[in-house]
Amino acid sequence: METVGQHKDSMRSFSEKSKKPCHCTKSQCLKLYCDCFANGEICSDCSCINCCNNMEHATDRYRAIKTCLDRNPDAFRSKINSSIQGDVKGSHTRGCNCKSSGCLKNYCECYKAKIMCSSVCKCVSCSNYSRSEVKESAVEKSSHSDYSSTHRTAKSSVSCITDAVVEATCGCLLAQAEEAEKEGLTRVQAERATLEEFGHCLTQIVHFMFKHTHTQR
DNA sequence: GAGTTTGAAACT
DNA sequence: CAGTTTCAAACTC
């Protein structure tokens with residue numbers, strides 16, 4: 001038999017899209033530290049202390065919202081650009097700044113949003129990119145957290161062809177050549193396959209450059 | 001559940 | 001704008 005409480009819970013989760021309750025203690029839920037506030041929502045069923053993120057404190061709340069908007073007009077906009085021409089991927093508008101998580105834990109806003117890090121990120125030792133897209137990620141990596149490549153190149157789209165990109169491209173070509181050898185292709189066939197791979201690499205690079213001349217700014 | 005780690009947000 | 005502090009979530013034990 002269903003209890004009243006259970007019913008209430010199911011109604012709640014239905015009407016509130018299972019909003020996560022916050023546990024703020026010091027921010028009064030009036031700063032962006034509070035997820036409810038940051039999502040533009042009123043606290044409900046949270047375990048926060050001294051909460052002012054409700055209609056009883058409407059004035060304080062509006063004032064806090066204004067303060068945030070003064071600081072950043074996009075403060076309440078989604079930080080995720082949801083699409084790149086229908087692609088599943090998105091990108092973080094400001095990127096992350098992770099140092100210790102490798103961008104592989106939920107501390108990382110990109111990882112949490114299930115998106116890969118991009119050139120706007122300033123993360124260190126990033127591992128948040130797809131292995132199957134080594135080429136593209138190498139392009140991206142080279143322009144953010146790649147400290148192994150001697151010095152940082154400017155984040156301009158023109159400087160996409162960095163050491164890391166060259167290295168990744170060579171890696172792809174080598175892999176292709178090895179594969180051709182393993183498959184027992186003739187020399188001509190192998191050369192053709194490798195050249196085609198080179199073409200793919202160039203396409204990726206050009207796509208990336210194009211993409212970022214449009215997404216950045 | 002307490003304690004630690006983490007990185008965004010806030011502050012200086 | 002860079003460095004530091006505050007904060008709450010994520011994580012670990």
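Treat the numbers as computed from the prediction; the structure is a model and nothing was measured. Proteins get letters first, then strands, A, B, ... in listed order; numbering begins at 1 in each.
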Residues clustering with Tyr111(A) (ILVMFWY side chains joined when closer than 4.5 Å, directly or via others):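 Result for Tyr111(A) is Leu104(A).
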Run through the side-chain heavy atoms of Ile, Leu, Val, Met, Phe, Trp and Tyr, join any pair under 4.5 Å, and report what else lands in Tyr107(A)'s cluster.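 Once heavy-atom contacts under 4.5 Å are chained together, Tyr107(A) still belongs with nothing else.
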Measure the SG-NZ distance between Cys96(A) and Lys112(A) for me, rounded to the nearest 0.5 Å.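 Atom-to-atom, Cys96(A):SG and Lys112(A):NZ are 13.0 Å apart.
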Just verifying a value: how many Å separate Cys110(A) SG and Arg94(A) CZ, rounded to the nearest 0.5 Å?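 It is 11.5 Å, given to the nearest 0.5 Å.
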Can you see if the side chain of Arg71(A) gets near the phosphate of dA10(B) - specifically, an N or O under 4.0 Å from OP1 or OP2?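 For dA10(B), OP1 or OP2 has a side-chain N or O of Arg71(A) closer than 4.0 Å.
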Does OP1 or OP2 of dA9(B) have a side-chain N or O of Arg94(A) closer than 4.0 Å?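 Yes, within the criterion.
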Write down the distance between [atom1] ([X]) and [atom2] ([N]), rounded to a whole number of angstrom.
{"X": "Ile80(A)", "N": "dA8(B)", "atom1": "CD1", "atom2": "P", "result": "11 Å"}
{"X": "Leu69(A)", "N": "dA9(B)", "atom1": "CG", "atom2": "C1'", "result": "15 Å"}
{"X": "Leu32(A)", "N": "dT5(C)", "atom1": "CG", "atom2": "C1'", "result": "16 Å"}
{"X": "Asn72(A)", "N": "dC11(B)", "atom1": "CG", "atom2": "C1'", "result": "16 Å"}
{"X": "Asp70(A)", "N": "dA9(B)", "atom1": "CG", "atom2": "P", "result": "16 Å"}

Output the residues of residues 95-103 of chain A in contact with DNA chain B, where contact means a heavy atom of the residue under 4.0 Å from an atom of the strand; sort by number or write none.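 Contacting residues: Cys96(A), Asn97(A), Cys98(A), Lys99(A), Ser100(A), Ser101(A).
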Scan nucleotides 6-13 of chain C nucleotide by nucleotide, 5' to 3', and note B when protein non-hydrogen atoms come under 4.0 Å of the base, S if they reach only the sugar-phosphate, - if neither. BSSBBSS-
So does Glu41(A) get a backbone contact from the side chain of Asn53(A), meaning a donor-acceptor N/O pair under 3.5 Å?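 Checked: pair present.
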Is there a donor-acceptor contact under 3.5 Å linking the side chains of Arg61(A) and Asn54(A)?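 Note: Arg61(A) and Asn54(A) side chains miss the donor-acceptor criterion.
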Would you please name every residue forming a salt bridge (charged side-chain N to carboxylate O under 4.0 Å, His left out) with Arg71(A), sequence neighbours left out?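 Partners of Arg71(A) by the salt bridge (charged side-chain N to carboxylate O under 4.0 Å, His left out) criterion come out as none, since no residue qualifies.
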Which residues pass the side-chain hydrogen bond (donor to acceptor under 3.5 Å, both in side chains) test with Lys79(A), sequence neighbours left out?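 By the side-chain hydrogen bond (donor to acceptor under 3.5 Å, both in side chains) rule, Lys79(A) matches Glu109(A).
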